[in-house]
Amino acid sequence: MSILIKEAYLDGQIVDLLIEGNLIKQIAEKIDAPEGCRILDGKDKAIIPAMVNTHTHAAMTIFRGYGEDLPLMTWLEDYIWPVEAKMTEDDVYVGAKLACLEMIKSGTSTFLDMYMNPLQTAKAAEEMGLRAMVSYTLFDQGNEKRAALDRKRSYEYMEQFKKFSSRINFCLGPHAIYTVSGEQLQFCHRFAQENNVKIHLHLSETKGEVDECIRQHGMSPVRYLHKLGVLSPHLILAHMIWLDEEELDLIAESGASVVHNPASNMKLASGYAFPYEGYKKRGVKVGLGTDGCSSSNNLDMFIAMKLASLLGKAWRYDSTAVKSNDIFASATSVGGDILGLNTGRIEEGALADLSLIDLSRPELVPMNNLCSNLVYSTSGACVDTFIVDGKILMEHGHVEGEEEIIAEAKALAERLIPKI
Ligand SMILES: [Zn+2]
């Protein structure tokens, strides 16, 4: 089935855009509709690439607003972990479905996830029509039995992911250097090389993590990974706030990618000085993530772009830092590059993952600069129609089956989350 978008705004021009199969086939001033083609009216709409959220924990949407404004360990030990211990596989699926719905509504086509029961998150993304790279989370806390089980399961899950479509990919997710041993990280490195999969790891998120790493291993986290011999282009490193210039050089030399999560870093008071410009200068790919809803409260990448840009200017006392077009690229095409997907760009031959933005919304008027409006003025609510893999997932703000997803998520929260 093909889709023709007529007379939409794209990069300063009014164009037609033709989608055939799951690809953008043609962009031109005027395209004649092929037979049987679905036509979408692009008047007063802009075509923009779909967002790529390169770090989240989708099912944690169910924790939104639960246990707020607490010290990290109180929040985890007294609120999150007791509830997680009660969660069934189906609960993870319901939480992930709610996340997928929110992503569709706010123009995100693709996410990189880390959570328990990865098959449930993958199933939710598959059914909802999204792309996802889903990690198997390794989390042994020094327990060799669990570590051995995690190694075995890494192979088993990789096999089980083969039943999904090409929109769903598998990767390894060693949780962090304080929950996974050095030997296990070396296993992940070998596994990633042998099977050509990514490794999704939280790193250098808090000062406490760095201090503990120095105490235990005599060196900072990036140097520790370097010494283990596991720095490589397979790595996708979330947070990456607390590091020095020499560590930035090590990351650049290794070809690893990093992901900025501004809302989570501010809300959990992990730190704020994410060295966006330092990475950019060295050619490191920097993606953007929301992190889970328990620490960022929504999955809206438009809001993440604004926070990243404002925060990056504020701590540097430099209003020219983290420019809107740079952070827009981080949220779209660079995210696609990090995951090895030709998404996040509006070009002939790219995957047909795109939003039609409603240009008649007051916060988008006037359109002196669309990119600036997208980053600084609006939110994901500006997405009118959303297409992923050549399929319309939302038209004029409505997603098929959304009422049931909302009802199920409400019922799950009612059952799972203790009343405060
Ligand atoms: Zn995270």
Side-chain angles (χ1 to χ4, degrees), residues 51-64 66-68 70-73 75-77 79-81 83-84 87 92 95-96 98-100 102-103 108 110-118 121 125 132-139 141 171-180 185 188 198-210 213 221 225 235-243 256-272 274 286-301 303-304 307-308 311 330-331 335 338-339:
M51 303 281 154
V52 180
N53 185 348
T54 38
H55 180 67
T56 189
H57 311 276
M60 293 183 94
T61 46
I62 214 69
F63 297 117
R64 194 187 330 257
Y66 176 59
E68 296 286 59
L70 294 167
L72 181 66
M73 287 324 287
W75 173 68
L76 283 174
E77 288 173 2
Y79 290 79
I80 300 298
W81 290 342
V83 180
E84 280 187 337
M87 278 176 93
V92 171
L98 176 65
C100 290
E102 189 183 346
M103 286 190 254
T108 293
T110 308
F111 64 102
L112 173 58
D113 203 76
M114 182 193 289
Y115 204 57
M116 56 188 179
N117 299 122
T121 302
M133 184 176 280
V134 185
S135 319
Y136 172 62
T137 310
L138 294 93
F139 192 97
Q141 294 184 293
C171 73
L172 288 186
H175 170 261
I177 54 170
Y178 50 89
T179 48
V180 174
L185 290 169
C188 292
K198 298 288 183 188
I199 303 169
H200 181 198
L201 172 74
H202 294 101
L203 196 76
S204 296
E205 179 175 0
T206 63
K207 180 153 187 311
E209 177 191 338
V210 176
C213 188
L225 294 191
L235 277 178
I236 304 173
L237 302 166
H239 300 299
M240 296 296 279
I241 304 171
W242 293 91
L243 64 172
S257 306
V258 301
V259 182
H260 185 22
N261 298 275
S264 167
N265 297 156
M266 287 192 277
K267 187 162 182 247
L268 299 178
S270 310
Y272 52 84
F274 179 83
V286 182
L288 187 66
T290 57
D291 212 344
C293 270
S294 50
S295 56
S296 70
N297 294 55
N298 66 42
L299 302 170
D300 189 326
M301 289 289 285
I303 291 172
L307 292 176
L311 177 64
S330 282
I338 288 172
L339 300 182

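Note that ligands are numbered from 1 as they come in the structure, with each ligand's atoms numbered from 1 the same way.
Using cut-offs of 30° and 60° for the angle between ring planes, the His200 and His55 rings count as perpendicular.
Within His55, the N/O/S atom positioned nearest the Zn ion (ligand 1) carries the name NE2. Note on Asp291: its N/O/S atom closest to the Zn ion (ligand 1) is OD1.
Inspection of the Asp291 and Ser296 side chains reveals no N or O donor paired with an N or O acceptor under 3.5 Å. Side-chain atoms of Asn261 and Glu205 include no donor-acceptor pair closer than 3.5 Å.
The nearest pair of heavy atoms linking Trp75 to Gly67 is CD1-O, 2.8 Å.
When NE2 of His57 and NE2 of His202 are joined through the Zn ion (ligand 1), the resulting angle is 100° to the nearest 10°.
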